[in-house]
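Contents: one structure, followed by commentary.
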Number of protein chains: 2
Amino acid sequence: MVNQDDPRVLRTRQLIREAFRVLLQKKEFDAITIKDIAQRATINRATFYAHYEDKYALLEDITEQAFHKMFPEQVINAQEFTGEICNQLILLTHNYIVNFYQICRFDSKSIATLVDEKIKEMLQQMIESIFLKGDTSRMSEHHNAKIISAMTASAIYGAAHYWFMFRENDRTDLLVNIACPYVMNGLGLYRNCDE
Amino acid sequence: MVNQDDPRVLRTRQLIREAFRVLLQKKEFDAITIKDIAQRATINRATFYAHYEDKYALLEDITEQAFHKMFPEQVINAQEFTGEICNQLILLTHNYIVNFYQICRFDSKSIATLVDEKIKEMLQQMIESIFLKGDTSRMSEHHNAKIISAMTASAIYGAAHYWFMFRENDRTDLLVNIACPYVMNGLGLYRNCDE
DNA sequence: AGTGAAAAGTTGCTTACACAACAGATTTTG
DNA sequence: CAAAATCTGTTGTGTAAGCAACTTTTCACT
């Protein structure tokens, strides 16, 4: 609909996202109106709809942006899914969850499912892209790469989320000690079966 | 030419001013091009000319904004030109000059005259508006209010500037002790003659 | 002095945003 | 429950900003 590279578009979206982030700290998600967002962003309400279908689409967008910033170069450039990469993914996911509940008001948990799904989706994409880059295990030729990625992403997210809810957030070393071998073994089994 | 209240206009000017402030810390004024400003502000070069004739007009604008922020409520709402108000004006002018040379690169002094003039003009306007508000000395009916304001503004600016150039900037108490009586006496003499 | 490069301005056309007005949906209030 | 108020989502119109192309001016270089 609009040209994604137009500087006006970039600025407008930046304004909308920033306004939304501020509002999320002040109000719960359900209480935030499009009017609120438009006012704080100093844009017209009609302009909002030129960029986002509703506030849920906006939430997805900022979630994606925020989570994407968590990925270190090492992970983005990874050529193989090693234990070290697995560690990194577990830690950054846990880290994101901790931040999320610090930033968002606690009564905004109505949005948790949407955010969860988005994060799992991004984790899955990242993992799959690593699988496809390094084909040492010929994973790249395997038609099951997608479901393997989905399982791995879910496992990592599940571990990070559980640790956040029920364990000490300052002992992430224990988290990776448990979760990483589980994930790597699962993949290892798969590799063995494949050959 | 453009509607001053349009939010797009406000945002664009804000971007231009902010870009210019950043550039003034990095380059000397003469080395800053319109292209530089437009690039950093992420606006089109042609758009710049819709708002400012050239970079001198822009400099005037940000000088006015910055200096205006220096005025405390007490001065803005002053109903009479008292010794206390005089003190405030001397101090804030001195303060502005100190800040100016901290913010701008020292090799940007080619612009000093323009900034000086703008500040004196604003001081004069502020002083005149105070004169006209409080008519205890019937200054408001006097047709010489303008030249008296101009002299007072120049005297205050001159004192502040001299102190910045040749004296200790941390002993502003001495500055006001010297400058304030001079100004107030000058005005007092005038008042006596007038009645 | 003269040549090339970069910056300064200007212009016509396109796109994005502002704004007001609207109908329909949702929430608030008495 | 009904009336009032507010929010939502959309539309048409006017204006500001983006962009490319151009001429003119300024400046650096030999």
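Order of the sequence lines fixes the chain letters, A, B, ..., with proteins taken first and strands second; residue numbering starts at 1 for each chain.
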For the pair made of [atom1] in [X] and [atom2] in [N], what is the distance, rounded to whole Å?
X: A:Asp30; N: D:dC7; atom1: CG; atom2: C1'; result: 14 Å
X: A:Gln4; N: C:dT15; atom1: CD; atom2: P; result: 15 Å
X: A:Leu15; N: C:dA18; atom1: CG; atom2: C1'; result: 14 Å
X: A:Arg11; N: C:dT15; atom1: CZ; atom2: C1'; result: 13 Å
X: B:Tyr52; N: C:dG9; atom1: OH; atom2: P; result: 16 Å
X: A:Tyr56; N: D:dT8; atom1: OH; atom2: C1'; result: 13 Å
X: B:Gln39; N: D:dG18; atom1: CD; atom2: P; result: 13 Å
X: A:Phe48; N: D:dT8; atom1: CZ; atom2: C1'; result: 11 Å

For a quick test of reading the model: is some side-chain N or O of B:His51 closer than 4.0 Å to OP1 or OP2 of D:dA16? no
Any B:Thr33 side-chain N or O less than 4.0 Å from OP1/OP2 of C:dA7: no
Of the candidate nucleotides [options], which contains the atom at the shortest distance from the side chain of [X]?
X: A:Ile43; options: D:dG18, D:dC7, C:dA18; answer: C:dA18
X: B:Asp6; options: D:dA16, C:dA8, D:dA17; answer: D:dA16
X: A:Arg45; options: D:dG9, C:dG9, D:dA17; answer: D:dG9
X: A:Asn44; options: C:dC19, D:dG18, D:dA16; answer: C:dC19
X: A:Tyr49; options: C:dA16, D:dT10, D:dA17; answer: D:dT10
X: B:Arg8; options: D:dG14, D:dC19, D:dG18; answer: D:dG14
X: A:Ala46; options: D:dG18, C:dC17, C:dC19; answer: C:dC19
X: A:Val9; options: C:dC19, C:dA16, C:dA8; answer: C:dA16
X: A:Lys35; options: D:dG18, C:dA8, D:dT8; answer: D:dT8

Only one of A:Asn99, A:Ile119, A:Ile62, A:Val115 passes side-chain contact (heavy atoms from CB on, under 4.5 Å) with A:Phe67; say which it is. A:Ile119
Under the criterion salt bridge (charged side-chain N to carboxylate O under 4.0 Å, His left out), I'd like the reasoning laid out for A:Asp116 against A:Lys118: C-alpha separation, chi angles, the key distance, then a yes or no. CA-CA 5 Å; A:Asp116 288 0; A:Lys118 189 74 197 169; over 6 Å; no
Just verifying a value: how many Å separate B:His68 NE2 and B:Thr63 OG1, rounded to the nearest 0.5 Å? 14.0 Å
Closer to the 5' end of DNA chain D via nearest nucleotide, is it B:Arg13 or A:Lys55? A:Lys55
Position toward the 5' end of DNA chain D (nearest nucleotide), A:Asp54 or A:Pro7: A:Asp54
With the side chain counted from C-beta on, respond yes when [X] and [Y] share a heavy-atom pair under 4.5 Å apart, and no when they do not.
X: B:Asp54; Y: B:Tyr49; value: no
X: A:Arg13; Y: A:Gln4; value: yes
X: A:Thr152; Y: A:Glu128; value: no

Yes or no on ring pair (Phe, Tyr, Trp, His ring centres under 6.0 Å) for B:Tyr56 and B:Phe29, after CA distance, side-chain angles and deciding distance? CA-CA 10 Å; B:Tyr56 297 94; B:Phe29 178 79; 5.2 Å; yes
Geometric class of the A:Tyr101/A:Phe164 ring pair [parallel <30°, tilted 30-60°, perpendicular >60°]: parallel
With axes from five pairs an end, tell me the bend angle of the helix from C:dA1-D:dT30 to C:dG30-D:dC1, nearest 10°. 60°
